[in-house]
Amino acid sequence: MTVTADMAITLDGYIAGPNVTVDNPGGDGAEPIFDWIHTLASWRERQGMTGGADNRDSELIREWFDATGAVVMGRMMYDTGEEFWGDNPPFRTPVFVLTNRPRPTLVKEGGTTFTFVTDGIHNALDRAKAAAGDRNVDIAGGASTVRQYLGAGLIDELQLHVVPVLLGDGLRLFEGPGAVRRDLEPVRVVGTPLATHLKYRFPK
């Protein structure tokens with residue numbers, strides 16, 4: 001089993017624009033970070049839609065989906081995504097939400113469940129590993145959650161989809177608590193017109 005983090009990011013290091021709110025989940029001006037994903041066949045399949053580009057980018061996103069058996073995310077990511085995901089979220093796996101506000105588990109269509117974990121990142125990860133079986137656990141975000149797991153040395157592989165845009169402002173991934181020095185081993189580099197896909201492993 002591998003613990004992964006898989007993020008779209010701008011060339012200057014932002015994973016969202018400024019002014020992220022529940023009503024503005026990507027932040028201001030963040031469309032270039034995410035719009036390319038929404039055109040892919042693998043992404044559209046997860047949304048219950050047809051069509052889309054069946055290209056190398058789509059293959060990489062499908063690979064990530066297929067390998068993931070459980071997801072961990074922060075409460076902010078859940079709150080900003082809840083309305084967008086609707087009754088049939090794209091995860092199709094158990095999702096464990098870090099929070100200090102208890103809430104009953106939610107069972108959605110397509111195999112997605114949201115379990116709200118109030119006793120920290122280690123417990124959430126242990127529960128996700130138990131639910132994932134022989135598949136991976138993905139630390140989905142947002143930035144603060146990924147940084148907590150990076151800082152604790154709990155992520156095995158990091159994949160970044162670097163989109164060719166300079167945002168200039170917003171929410172950085174590698175900044176603040178948890179953004180400590182770590183050495184990485186390159187696993188794969190795939191360049192396409194839409195993004196440069198970088199995959200790294202953290203040596204043990």
Side-chain angles (χ1 to χ4, degrees), residues 1-9 15 25-26 33-74 77-78 81-82 84-98 105-115 117 121 124-142 145-146 149-150 154-163 173 184-202 204:
M1 174 185 294
T2 302
V3 179
T4 66
D6 195 293
M7 313 288 288
I9 189 168
I15 63 168
I33 305 176
F34 310 108
D35 281 355
W36 66 276
I37 301 176
H38 301 160
T39 68
L40 304 179
S42 56
W43 177 265
R44 293 177 64 83
E45 289 168 12
R46 282 289 177 126
Q47 309 299 320
M49 299 183 290
T50 59
D54 197 1
N55 52 21
R56 186 63 173 129
D57 304 278
S58 185
E59 291 173 0
L60 293 172
I61 297 300
R62 183 179 285 109
E63 175 187 86
W64 167 43
F65 284 151
D66 291 347
T68 299
V71 172
V72 177
M73 69 175 59
M77 181 175 177
Y78 172 80
E82 181 180 18
F84 174 74
W85 298 324
D87 292 330
N88 190 8
F91 304 101
R92 312 282 175 87
T93 61
V95 179
F96 297 87
V97 182
L98 295 164
T105 295
L106 298 178
V107 179
K108 299 286 189 175
E109 297 175 18
T112 300
T113 58
F114 291 101
T115 300
V117 181
I121 65 171
L125 182 57
D126 288 344
R127 296 177 70 173
K129 285 181 174 179
D134 59 356
R135 298 164 72 195
N136 296 341
V137 174
D138 187 64
I139 310 301
T145 297
V146 173
Y149 280 97
L150 284 173
L154 297 173
I155 292 178
D156 302 312
E157 289 185 354
L158 175 66
Q159 182 161 239
L160 300 175
H161 309 282
V162 183
V163 295
L173 179 59
L184 302 93
E185 297 174 353
V187 175
R188 180 176 67 194
V189 178
V190 178
T192 76
L194 296 179
T196 302
H197 308 275
L198 307 174
K199 192 172 189 177
Y200 298 96
R201 181 180 297 115
F202 291 101
K204 298 298 185 181

message = Nearest 0.5 angstrom please: Thr113 OG1 to Phe96 CZ, how far?
response = 6.0 Å
request  = Give, for atom CZ of Phe202 and atom CG of Leu184, the distance between the pair rounded to the nearest 0.5 Å.
outcome  = 4.0 Å
inquiry  = Using a 3.5 Å distance criterion without hydrogens, assess whether the side chain of Ser58 forms a donor-acceptor pair with backbone atoms of Asn55.
reply    = no
query = Pro90 and Arg46: which non-hydrogen atoms are nearest, and at how many Å?
reply = O-NH1, 2.7 Å
inquiry  = To the nearest 0.5 Å, what is the distance between OG1 on Thr4 and CD1 on Ile139?
reply    = 7.0 Å
inquiry  = Do Val146 and Leu150 make a side-chain contact, defined as non-hydrogen atoms from C-beta onward lying under 4.5 Å apart?
reply    = yes
For Phe91, side chain to side chain contact (heavy atoms under 4.5 Å, CB included) partners two or more places apart = Val71, Met73, Trp85, Pro89, Thr93, Val95, Thr112, Phe114
ask   = Taking only residues two or more places apart in sequence, or in another chain, which ones meet Ile37 in a side chain to side chain contact (heavy atoms under 4.5 Å, CB included)?
value = Ala8, Trp43
inquiry  = Side chains of Val72 and Arg127, heavy atoms from C-beta outward: is any pair under 4.5 Å?
reply    = no
Heavy-atom closest pair, residues Ile155 and Lys204 = O-NZ, 4.4 Å
inquiry  = Rounded at 0.5 Å granularity, tell me how far CG in Asp138 sits from OG1 in Thr2.
reply    = 11.0 Å
ask   = What is the distance from atom CD1 of Ile61 to atom CH2 of Trp36, rounded to the nearest 0.5 Å?
value = 4.5 Å
note = Nearest heavy-atom contact between Ala70 and Ala128 is CB-O, 3.4 Å
message = Holding to side chain to side chain contact (heavy atoms under 4.5 Å, CB included), I want the full list of residues that pass it with Arg44, two or more places apart in sequence or in another chain.
response = Met49
query = With a 4.0 Å cut-off, would you call Arg62 and Glu59 a salt bridge?
reply = no
ask   = To the nearest 0.5 Å, how far apart are CG in Asp6 and OG1 in Thr68?
value = 7.5 Å
Closest contact, heavy atoms only, Glu109 versus Asn88 = O-OD1, 3.2 Å
Considering all heavy atoms, the nearest Tyr149-Leu98 contact = CE1-CD1, 4.0 Å
ask   = Does the side chain of Met77 reach to within under 4.5 Å of the side chain of Val97, using non-hydrogen atoms?
value = no
ask   = What residues, two or more places apart in sequence or in another chain, satisfy side-chain hydrogen bond (donor to acceptor under 3.5 Å, both in side chains) together with Gln47?
value = none
message = Restricting to side-chain hydrogen bond (donor to acceptor under 3.5 Å, both in side chains), what partner residues turn up for Glu157, sequence neighbours left out?
response = none
query = Which atom pair, heavy atoms only, marks the closest approach of Phe65 to Ser42?
reply = CE1-O, 3.7 Å
inquiry  = Looking at Asp66 and Arg135, is any side-chain nitrogen of the basic one under 4.0 Å from a carboxylate oxygen of the acidic one?
reply    = no
Would you mind writing out the side-chain donor-acceptor pairs for residues 194-201 within the sub-3.5 Å range, not counting sequence neighbours?
residue: His197; atom: ND1; partner: His161; partner atom: ND1; Å: 2.7
residue: His197; atom: NE2; partner: Asp57; partner atom: OD1; Å: 2.7

